[in-house]
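Scroll down for the structure; my scribbles are underneath it.
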Amino acid sequence: MANLLWLQGGACSGNTMSFLNAEEPSVCDLVTDFGINILWHPSLSEEIGSAVTDKIKACINGEIKLDIFVFEGTVINGPDGSGEWNRFGGRPMKDWVNDLADVASYVVAVGDCASWGGIPATAPNPTDSEGLQFLKKRPGGALGTDYRSKAGLPVINIPGCPAHPDWISQILVAIATGRASEITLDDLQRPKTFFTSFTQTGCTRNMHFSYKVAATEFGQRKGCLFYDLGCRGPMTRSSCNRILWNRQASKTRVGMPCLGCTEPEFPFFDLAPGTVFKSQTVMGFPKDLPTGLDKVGYMKLTAAAKQAAPQWAEDDIFTV
Ligand code: SF4
Ligand code: SF4
């Protein structure tokens, strides 16, 4: 049995909504098949008021073993470092977070906000928000760079806006079943199993990417969404085209560019708000190239590929 406590800071509850749609395994499976005991969750639990805070205090003083502490949303420090803009159970949420992180065997940050601050921490960051161990790309965050949970791990970041439900439920199962040692993390503390390949891996538009055939409108069945619509699939690490959403689709499969939501720069990158990718080109070539490409080589390749594109790449029959 693994005790799990889930709290929310500066959050929209989007990751909770996503989590409740998990299918492999589902939230019910976590409880019935994988031995997770949900001590309290803001959307799933009935207790309110002191019944909740008493349980949390029991975790902090060691009466209840806290195996997994899940945090959703930003840690809010405003105003002036007090955290008073996000009070919970009679004190700033950031104080609960620090106390619980001290006693938890594992700490899991769910979603961009908990991982690195997300949208609320974007400049000018009026609430002085940050993630548990990052502020955007900068290590540190609310718990500091050196933080390690009781089991010796840093915070496990499961980013996304929201995170895919099965990314969350599968990591929780790995911890609950004693396989946490198999979770290897990248330099942003994301589980490599979900965040090593790019969103582009498995995208049904890869042939259009290769032949530089561009989709020009959202929802268009034909064409790659990179050239005119700014898809960030080639520079975003996620498994959205390998582990499909709702078991059937992804953004790019339905004609919506990847927005790069699993990266700390999300949502603004270097684009001015309101601009589309096409306005960020130099002589018709995108300024922001797929990761690892040489610019001159890419320009030559693009010219050749456009010339070589066969008719089938131009036909509207390939994407679903
Ligand atoms: S639509 Fe996006 S993810 Fe798919 S091939 Fe084009 S750039 Fe890559
Ligand atoms: S396709 Fe891109 S923007 Fe959409 S959920 Fe996946 S990583 Fe995020």
(request) Report yes if the side chains of Tyr147 and Pro154 come closer than 4.5 Å at any heavy-atom pair, otherwise no. (result) no
(message) Testing the 3.5 Å rule here: is there a donor-acceptor pair between the side chains of Asp228 and Thr216?
(response) no
(message) For the backbone of Gly255 and the side chain of Gln220, can you confirm whether one donor and one acceptor N or O come within less than 3.5 Å of each other?
(response) no
(message) According to a hydrophobic-cluster definition based on side-chain heavy atoms being under 4.5 Å apart (Ile, Leu, Val, Met, Phe, Trp, Tyr only), do Leu20 and Leu39 belong together?
(response) no
(message) For Lys94, is there an ion pair with Asp128 - N to carboxylate O distance below 4.0 angstrom?
(response) no
(message) Pairing donors with acceptors under 3.5 angstrom, does anything connect the side chains of Asn77 and Glu130?
(response) yes
(message) Checking side-chain polar atoms at under 3.5 Å, does Ser238 have a donor or acceptor matched by the opposite partner on Thr199?
(response) yes
(request) State the CZ-CG distance between Phe69 and Leu5, to the nearest 0.5 angstrom. (result) 6.0 Å
(message) Using modelled atom types and a 3.5 Å cut-off, is there a donor and acceptor pairing between side-chain atoms of Glu72 and backbone atoms of Thr16?
(response) yes
(request) Examine distances only and state if a side-chain atom of Ser105 and a backbone atom of Ala151 form a donor-acceptor pair shorter than 3.5 Å. (result) no
(request) Return yes if a side-chain donor-acceptor contact under 3.5 Å exists between Ser197 and Arg242, otherwise no. (result) yes
(message) Measuring from atom CD of Glu182 to atom OG1 of Thr193, what distance do you get when rounded to the nearest 0.5 angstrom?
(response) 10.5 Å
(request) Check whether any side-chain heavy atom of Trp245 sits under 4.5 Å from a side-chain heavy atom of Arg253, and report yes or no. (result) no
(message) Between Gln133 (side chain only) and Gly144 (backbone N and O only), is there a donor and an acceptor less than 3.5 Å apart?
(response) yes
(message) Could you tell me if Trp96 and Thr53 have a donor-acceptor pair between their side chains, going purely by distance under 3.5 Å?
(response) no
(message) Using 0.5 Å steps for rounding, measure from the CG atom of Leu132 to the CG atom of Asn98.
(response) 9.5 Å
(message) Check for me, please, whether Leu100 and Ile36 land in the same ILVMFWY cluster - side-chain distances under 4.5 Å, paths through other members count.
(response) no
(request) Indicate yes or no: at least one non-hydrogen side-chain atom of Pro234 is less than 4.5 angstrom from one of Phe209. (result) yes
(request) Find out if a path of hydrophobic residues (ILVMFWY) with successive side-chain heavy-atom gaps under 4.5 Å connects Val108 to Phe19. (result) yes
(request) Find the distance between CD1 (Ile175) and CG (Asp67) and round it off to the nearest 0.5 Å. (result) 9.5 Å
(request) Starting at CG of Asp95, measure out to OG of Ser82 and round the result to the nearest 0.5 Å. (result) 9.5 Å
(request) Sequence neighbours left out, what pairs pass salt bridge (charged side-chain N to carboxylate O under 4.0 Å, His left out) with at least one residue falling in residues 134-145? (result) Lys137-Glu265
(request) Kindly state whether the ring of Phe195 and the ring of Trp167 have centres lying under 6.0 angstrom apart. (result) yes
(message) Any donor-acceptor pair under 3.5 Å linking the side-chain atoms of Asn246 with those of Gln248?
(response) no
(request) Give a yes-or-no answer on whether the side chains of Asp29 and Ser26 include a donor-acceptor pair shorter than 3.5 Å. (result) yes
(request) Would you give the length of the straight line joining atom OG of Ser239 to atom CG of Leu244, rounded to the nearest 0.5 angstrom? (result) 9.5 Å
(request) Report yes or no: do Ser129 and Thr74 form a side-chain donor-acceptor pair below 3.5 Å? (result) yes
(message) Check for me, please, whether Val110 and Leu172 land in the same ILVMFWY cluster - side-chain distances under 4.5 Å, paths through other members count.
(response) yes
(request) Check whether any side-chain heavy atom of Leu185 sits under 4.5 Å from a side-chain heavy atom of Ile156, and report yes or no. (result) yes
(request) Could you tell me whether a side-chain N or O of Ser45 sits under 3.5 Å from a main-chain N or O of His41, the two making a donor and an acceptor? (result) yes
(request) Report the residues that fulfil side chain to side chain donor-acceptor pair (under 3.5 Å) with Ser43, sequence neighbours left out, ordered by chain and then residue number. (result) none
(message) Just to verify, what does Asn21 make a side chain to side chain donor-acceptor pair (under 3.5 Å) with, not counting sequence neighbours?
(response) none
(message) Counting C-beta onward and ignoring hydrogens, is there a side-chain heavy-atom pair between Leu7 and Val97 closer than 4.5 Å?
(response) no
